[in-house]
Q: 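This is the structure I want to talk about, given as C-alpha cells.
Only this structure's heavy atoms are used, side chains among them; waters, hydrogens and symmetry mates stay out. The chains referred to below are lettered A, B, ... by the order of the sequence lines, with proteins before strands, and numbering in each begins at 1. In this text, all values refer to a predicted model and were calculated from it rather than measured experimentally.
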Amino acid sequence: MLLARAFDERCLTLQRQGRIGFYVPAMGQEAAQIGCGWALDPADWLFPAYRELGLALTRGVTLDELLCQFFGNAQDRLKGRQMPNHYGYRDRNFVVGSSPIGTQIIQAVGAAMAARRRGDAIVTIPFFGDGATSSNDFHAGLNFAGVFRVPTIFFCQNNEWAISLPRSRQTAAKTLAEKGGAYGVPGEVVDGNDVHQVFRAVRTARARAIAGDGPTLIEAQVYRLGPHSTSDDPRRYRSDAELAEWKQKDPIGRLKHELLDAGAWTEEQDAALLEEVRGEVAQALARTETVGPADPTSFLDDVYATRTPALDEQRHYLEEMLKAGMVRQ
Amino acid sequence: MLLARAFDERCLTLQRQGRIGFYVPAMGQEAAQIGCGWALDPADWLFPAYRELGLALTRGVTLDELLCQFFGNAQDRLKGRQMPNHYGYRDRNFVVGSSPIGTQIIQAVGAAMAARRRGDAIVTIPFFGDGATSSNDFHAGLNFAGVFRVPTIFFCQNNEWAISLPRSRQTAAKTLAEKGGAYGVPGEVVDGNDVHQVFRAVRTARARAIAGDGPTLIEAQVYRLGPHSTSDDPRRYRSDAELAEWKQKDPIGRLKHELLDAGAWTEEQDAALLEEVRGEVAQALARTETVGPADPTSFLDDVYATRTPALDEQRHYLEEMLKAGMVRQ
Amino acid sequence: MTEATLVQAVNRALHTAMAADPEVLLLGEDIGVNGGVFRATEGLLKEFGADRVIDTPLSETGIIGTAVGMALYGLKPVAEIQFLDFIYPGFDQIVSELAKFRYRSGGQYPCHVVIRTPYGGGIKGGLYHSQSTEAYFAHTAGLKVVVPSTPADAYGLLLSAIFDPDPVIFLEPKRIYRSVSGEIPEGDHREPIGKARIVREGTDVSVFAYGAMIPPATEACQSLEGEGISAELVDLRTLSPVDSPAVIASVEKTGRAVIVHEAARFCGYGAEIAAILADKAFYSLKAPIARVTGFDTPFPYALENLYLPNAARIRQSVLDTVRAA
Amino acid sequence: MTEATLVQAVNRALHTAMAADPEVLLLGEDIGVNGGVFRATEGLLKEFGADRVIDTPLSETGIIGTAVGMALYGLKPVAEIQFLDFIYPGFDQIVSELAKFRYRSGGQYPCHVVIRTPYGGGIKGGLYHSQSTEAYFAHTAGLKVVVPSTPADAYGLLLSAIFDPDPVIFLEPKRIYRSVSGEIPEGDHREPIGKARIVREGTDVSVFAYGAMIPPATEACQSLEGEGISAELVDLRTLSPVDSPAVIASVEKTGRAVIVHEAARFCGYGAEIAAILADKAFYSLKAPIARVTGFDTPFPYALENLYLPNAARIRQSVLDTVRAA
Ligand SMILES: Cc1ncc(C[n+]2csc(CCOP(=O)(O)OP(=O)(O)O)c2C)c(N)n1
Ligand SMILES: Cc1ncc(C[n+]2csc(CCOP(=O)(O)OP(=O)(O)O)c2C)c(N)n1
Ligand SMILES: [Mg+2]
Ligand SMILES: [Mg+2]
C-alpha cells in the first residue's frame with residue numbers, strides 16, 4: 001500500500017514536470033484494491049478500469065513495467081498504444097482496459113462463461129467505479145450474470161465521485177450494492193478503507209462463485225483522495241472539509257495505526273519502509289526513463305493478426321515520410 | 001376491449017390473406033392497456049412500443065387511422081414510412097414509436113423534464129415489455145428518473161415472453177417491479193388482467209407524480225395470448241398447457257363474467273356488442289382499403305425540415321425513373 | 001455437394017464449425033429453441049446443447065460484450081444480432097472494444113469473434129428491419145466485413161470467418177436468404193476472406209456490387225449483352241479489407257465503373273471504391289464513376305421498391321456510363 | 001467583436017443562445033459546477049441555473065435519449081458528450097431515434113437537438129480521446145454534421161445549429177480549442193449551415209479540409225506559393241449536407257483535388273468528396289484525386305504525431321498532384 005502511494009505521488013510529480021503525459025492516481029483506494037487482490041487466486045481474471053495501481057501490484061506487475069507503459073517506450077508491452085494507466089498483462093491475467101466506462105463489466109461475464117466451459121475453477125472480477133454503475137454494460141453485465149449464474153465478482157469502488165458528479169447525483173439508490181437486487185445478484189457493502197474487511201468479503205464471494213453459487217456485487221466504500229486525473233482540479237467541485245474528513249480515514253494511516261496499536265509495527269519501521277519504497281520508485285524511474293522510444297512504424301501493427309496489403313502500403317508510405325524527415329515522433 | 005380484440009382478430013386474418021404486410025396483436029393485454037389509458041389525462045404523453053392497440057383506442061385513435069397506417073396508403077399520417085403497428089399521433093400525445101426495444105423509455109424521461117420546465121402538470125408514460133427491461137434505455141431511463149425525480153410512470157407489460165425467451169430467463173430478479181429499487185424508484189406489481197386494479201395503480205402513481213413525488217415503475221402481469229407477431233409461431237417454444245392456463249384468465253372473459261355476475265350485463269348484450277364491433281371493423285376496412293397509395297416521391301421528404309439540394313436532385317432522378325417506368329411501387 | 005439456400009448454407013457452416021471445434025459456440029436472441037427468427041440456427045440447440053447455443057436476454061451490448069469476454073479467454077463465439085438495425089445498443093462494444101482489443105494490448109489479446117447479422121431491404125421491413133450500414137463497420141479499423149451473395153460463399157466465407165483470428169462482421173443479405181439456392185460444399189471447405197469474385201467477365205465497364213444487389217446487377221449486365229455491351233460484374237464479398245487489386249485491375253481493363261449498393265449513397269461504401277479508383281486507376285478512367293444506391297433517406301416501408309436499386313436502374317446507369325464521352 | 005479562442009467562442013455562443021431563448025438548455029457530464037472538462041460551459045450554471053445546465057449521470061444513451069425526449073416536447077436541448085470517443089453508448093439513440101424521428105412520424109415530430117462534442121487527435125489522448133469518426137454521422141440520413149475551424153465559425157455555426165430545426169452533430173476540434181484565437185461577433189450572428197468557406201483562393205489545385213486540419217493545410221498551401229503553386233483551400237465546415245456546388249466549382253477551376261482529414265482513410269469522409277468529384281467533376285480532373293489522412297489503424301498514443309496529417313505530408317501530396325501527368 002505504501003509502495004502504491006509513493007508511486008502515485010511520484011507519478012503526479014512526473015506529470016507536472018511534463019515527463020509523462022497524464023496520470024490517474026489511486027490514492028485512497030489502496031486498501032480496497034490490495035485487500036481484493038490478496039483474496040484472489042493468480043489464475044483469476046481481472047478486468048481493471050484505469051485506477052487499479054494497488055491491484056496491479058498484487059499481481060506482481062513491476063514499477064518498471066508500469067513506467068514503460070506511461071512513457072509508451074520501446075519496452076512498453078502495449079507498444080505505446082494507450083494512455084498511461086491503461087496497462088495490462090496477459091501473463092498476469094490482468095486484462096488490458098480501455099477508457100470507455102463500464103465496458104469491461106460484461107466482458108468479465110463472458111470470460112467467466114468461457115472459463116466454466118473450459119472447466120477452469122476460477123472467478124473473473126471487473127473493477128469499476130460508482131459512475132460506471134450508470135453505464136449500459138453494468139446493466140447488461142449484472143443481468144447476464146444473474147441469468148447465467150456466472151462465477152464473477154463485481155467489484156465496485158465507490159469513491160464518492162465520478163469526476164465532478166457526487167455519488168448522490170449518480171443514482172437515487174441508497175447504496176450501489178443494492179442494485180444487485182434488480183438482477184438477482186446478492187450485493188454487499190464493505191468499508192473499503194479496511195483492508196481486512198475487503199479481503200474477507202472477496203474471499204467469501206469467491207468461495208460462493210467457485211462452488212457454483214453465482215455472482216456477487218461488492219461495493220467498497222472509499223474516497224478518491226486525489227484529483228480524478230492530472231487534468232482535473234477537484235477544488236472546483238468539492239469542499240476542503242469533505243476531503244479533510246475522509247483523509248482521517250485514509251486506509252494507509254488506518255492500517256499503520258492498527259499495526260502500531262497492536263505492537264506489530266513501529267514508527268521507525270514505517271519511516272524506513274517509506275524510504276525504501278521511495279528508493280524503489282526512484283530506481284525504477286532511472287532505469288526506464290532512458291529506454292528508447294517505440295519503433296515509429298509499429299503503430300501499423302496489431303490492427304489485424306497480419307498486416308493487410310493496404311497497411312503494408314501505408315507502412316511503406318510512412319517509411320518514405322520518415323526518411324524524408326517529413327514526419328517526426 | 002372487445003373492439004380491440006375484434007380488430008386484432010381481423011388484422012391477423014388480413015395479414016394471412018396478404019392484405020397487410022405484418023401485424024402485432026395485443027391479445028391478452030387489453031385490460032392492462034385500457035385500464036392504464038383510462039387512468040390518464042389526455043394531456044399526458046404516451047410513449048408506446050408496438051403492441052399498444054388498446055391504449056391507442058383510449059386516445060380516440062380511429063380504426064380508419066390505424067388501417068391506413070397498416071396499408072401505408074395516401075391517408076397514413078406517417079406517409080407509409082413505418083411497418084404496421086408503429087403508429088403515432090401528435091395531436092393525441094401518442095408519440096410515434098420505433099422497433100428498437102426500449103428507446104422510448106429514456107425519451108419519456110426527457111419529455112417529463114421538459115414538461116416540468118414548461119410548467120405543464122402532466123405525466124409521461126413509456127410502455128414496454130418484460131424483454132425491454134434488459135435494454136440500455138430501461139437502465140438509463142429508470143436511473144435518470146430517480147435522480148431527477150420526474151413525473152414519469154414506467155408501465156411494463158410483463159407478458160411472460162420476449163419472442164421465445166421466457167421471463168424467467170430474461171432476468172434473475174423475482175419481479176420486474178423490484179428493479180425500481182436499483183434506482184430509488186418505487187415499483188409495484190399489478191394483475192394486468194384486472195382492469196380495475198390497473199386503473200387504480202396508475203391513478204395513484206399519476207397523483208404522486210403530479211404532486212412532485214417522482215416516478216413509479218408498474219409491472220402489469222399479463223400474458224401474450226397470440227403470437228409475438230405474424231412472423232412468429234409460438235408453438236415452437238411454449239406449451240399448449242401454459243397457453244390454456246392463461247386463457248382462463250383472459251381479461252375480456254374476466255370482465256364479462258364480472259359484469260354478468262354483477263347483473264350489469266347480459267349474454268345478449270355481449271353478443272350484440274361483439275357483432276357491433278365486428279361491423280365497425282368491417283366498415284373501417286371497407287373505407288380504407290380503397291384509399292390510393294402514398295405519393296411515390298414522398299419518401300424523400302421529412303429527412304430534414306426542407307429537402308437538401310442533394311435530395312432535390314435525387315427526387316428529380318426518381319421522377320425520371322418513374323416516368324420511364326424503370327421503377328415501380 | 002448439397003443444394004441449399006443461403007440461410008441453409010449459414011446453418012450448415014455453423015454446424016460444420018461446431019462439429020469441428022468444441023470452442024465454437026453461438027449466442028444471441030431466440031437462437032435456441034426457436035432456431036433464430038430466420039431459422040439460421042435451426043436444429044443446433046438440439047445437436048450441441050444449451051451450453052453452446054445460448055439464448056440471451058434482450059441486450060445487444062450484452063451479447064457482444066459477452067462474446068468479447070469469451071474470445072479473450074480463448075473461445076470462438078459466434079454472436080447473432082437479430083437484425084443489423086438492432087446492433088447499435090452494442091455498437092460501443094464493437095467499435096471501442098472488439099475492434100481495438102488486439103491493437104490496444106500490443107497484440108496480447110486477439111478477439112476472435114464473429115457477429116452474424118441479417119441486413120438489407122426488400123422484405124417490407126421499413127426503417128428498422130431493412131438497413132445496410134456496412135459503411136460504419138468498414139470504416140472501423142480492426143474489423144473485417146464480409147457479405148456473401150451465394151449459398152456457396154455464405155458457407156465458405158462463414159467458415160473462414162469463424163476460424164479467422166480477427167473479428168468479423170458477417171452480413172447476411174436476408175432478402176435472398178431463400179430466393180437463391182445452389183450447391184454448397186461439405187466439410188471444412190473455406191472461401192478466403194479478402195478476395196473478390198468475378199461473377200462475369202466483361203470489357204466495356206466494371207460493375208461492383210455485393211450481397212442482395214448481385215441478382216439485379218447480374219440481370220442488368222445480362223440484359224446489356226443484347227446491346228453489344230460487355231459488362232464485368234465483380235462481387236466484392238469482403239468489404240474490409242477490400243480486394244483493391246481486383247477492383248483496380250478490372251477498371252484498368254474496362255475504363256469504366258458503376259458501383260451498386262442498397263445503402264444510402266452519401267458516405268456509403270461505394271464512395272470508397274470510387275475514391276480508390278479516382279486515385280489508383282485514374283489514368284484508365286474513360287467516364288465518370290457512377291453510383292447506383294439507395295436514396296439519402298432512412299429506409300421507407302410502403303415505397304421500398306422505389307428506394308432499392310433494381311436491374312433497370314443499374315442497367316440505365318451502366319448504359320449512361322458506357323455512352324459517356 | 002471580441003477576441004476569443006475556439007472554446008471560448010463555443011462558450012459565448014451557448015451564452016447568447018440561452019440568453020435569447022429560455023427553451024435552450026444544456027445537459028451532459030461535468031458541465032455544471034465543473035464547467036465541462038474543457039471549460040466550454042464555464043460560468044453557465046451560475047448564470048442560468050441548474051434547471052438549464054444539467055449535470056447528468058454517466059450515461060450517454062441517457063443524455064441523448066433525454067435530449068430527444070425534451071426536443072419532442074418542444075425544447076431546444078444542447079447535449080455535450082465529453083469526448084466523441086464516448087458517444088457510442090448513445091449511438092442507438094442517435095441513429096435509430098434522433099436521426100429518424102421526423103421521418104418516421106411523417107413530419108409530426110421534429111427533433112431539435114444539438115450534440116456538441118470535442119473530437120480529434122493531437123492532445124496525447126490515445127485510442128479513446130482522439131478519434132474522428134465524422135463519417136459515421138455523415139452517412140446517417142437525418143443528421144447534419146458541422147465542424148468549425150475558427151472561433152468566428154464556431155460561434156456562428158453553433159448558433160445556427162441551436163436554432164436549426166434538425167438534429168446537428170457539432171464536432172469541435174479540441175486540438176485547436178485554445179491554439180487559435182480570433183474575433184467573434186456579438187449577439188445572435190449566425191453562420192449558415194451547408195456552406196463551405198474558401199480559406200484562400202487558388203488556381204492550380206483544390207485542397208479540401210476541415211476542423212483541426214485547416215491550420216496545417218493552410219501552412220502547406222502558403223509554403224507552396226514560393227514554388228509558384230497556387231492552391232485553393234476550402235474549409236468544408238458542414239460535412240452533411242455538404243456544399244457540393246462549392247466543391248465541384250473549385251475543382252472545375254483547378255482540375256486537381258487533395259482531400260485532408262485526420263480520420264482513418266478507408267471509408268472515411270474524404271471518400272465521399274472523391275466520389276462526388278469522380279462523378280460530377282470528372283471531365284475537369286487532370287490528376288488522380290489524393291487523400292491525406294490518418295492511417296487505417298486505431299488512434300495510437302505515443303506515435304500520434306506520425307499518425308496525424310501534418311503540413312509536410314499535405315504539401316507533398318499537393319506537389320505530387322500538381323506534378324502528376
Ligand atoms: C462512456 C464514457 N463516458 C464518459 C467518460 C469520461 N469519464 C472518464 S472517467 C469518468 C468518471 C468515472 O467515474 P467512476 O466510474 O466513479 O470512476 P472513478 O474515476 O471515480 O474511479 C468519466 C465521466 C468515459 N471515460 N467513458
Ligand atoms: C434492440 C432490439 N433488439 C432486438 C429486437 C427484436 N425483437 C423485437 S420484439 C422482441 C422481444 C420484445 O419482448 P418484450 O419487450 O417482452 O415485448 P413484447 O413483444 O413481449 O410485447 C425482440 C427481441 C428489437 N426489436 N430491438
Ligand atoms: Mg468514482
Ligand atoms: Mg414480453
Side-chain angles (χ1 to χ4, degrees), chain A residues 100-103 105-106 109 112-113 128 130-152 154 156 158 162 164-187 189 208 212-217 219, chain B residues 100-103 105-106 109 113 128 130-152 154 156 158 162 164-187 189 208-209 212-217 219:
Chain A
I101 295 292
T103 49
I105 302 174
I106 178 74
V109 173
M113 290 170 77
F128 53 95
D130 43 305
T133 62
S134 297
S135 70
N136 297 341
D137 290 334
F138 173 84
H139 186 54
L142 274 281
N143 195 40
F144 277 49
V147 168
F148 297 112
R149 284 182 72 81
V150 296
T152 297
F154 297 91
C156 176
N158 168 11
S164 71
L165 196 76
R167 152 63 190 90
S168 59
R169 302 293 299 166
Q170 191 64 249
T171 178
K174 275 188 288 307
T175 70
L176 302 177
E178 74 194 37
K179 287 179 179 280
Y183 313 99
V185 173
V189 174
R208 288 189 59 239
D213 293 336
T216 307
L217 168 61
E219 172 186 356
Chain B
I101 295 291
T103 49
I105 303 175
I106 178 75
V109 173
M113 290 171 78
F128 53 95
D130 42 307
T133 62
S134 296
S135 71
N136 297 341
D137 290 335
F138 172 84
H139 186 54
L142 274 281
N143 195 39
F144 276 50
V147 169
F148 297 113
R149 284 181 72 79
V150 295
T152 297
F154 298 90
C156 177
N158 167 12
S164 71
L165 196 75
R167 153 60 191 91
S168 59
R169 302 292 299 165
Q170 191 64 247
T171 178
K174 275 188 288 304
T175 69
L176 302 177
E178 74 194 38
K179 287 180 179 281
Y183 312 100
V185 173
V189 174
R208 287 189 60 238
D213 293 335
T216 306
L217 169 61
E219 172 186 356

Q: What residue, out of B:N143, B:L176, B:D137, has the most heavy-atom pairs lying under 4.5 Å from chain A?
A: B:N143

Q: Could you tell me whether a side-chain N or O of A:R167 sits under 3.5 Å from a main-chain N or O of A:N158, the two making a donor and an acceptor?
A: no

Q: Please look at B:F138 and chain A and tell me whether the side chain, the backbone, both or neither of the residue comes under 4.5 angstrom of a heavy atom of that chain.
A: side chain

Q: Identify the two heavy atoms, one from A:D130 and one from A:C156, that lie closest to each other, and give their separation to 0.1 Å.
A: N-SG, 4.1 Å

Q: Describe, in one word, how the ring planes of A:F154 and A:F128 are oriented to each other, choosing from parallel (under 30°), tilted (30 to 60°) and perpendicular (over 60°).
A: perpendicular

Q: Any sub-3.5 Å donor-acceptor pair from B:E219's side-chain atoms to B:V189's backbone N or O?
A: no

Q: Counting only non-hydrogen atoms closer than 4.5 Å, does B:S135 touch chain A with its backbone (N, CA, C, O), its side chain (CB onward), both, or neither?
A: backbone

Q: Tell me, side chain or backbone of A:T133 under 4.5 Å from chain B's heavy atoms, or both, or neither?
A: backbone

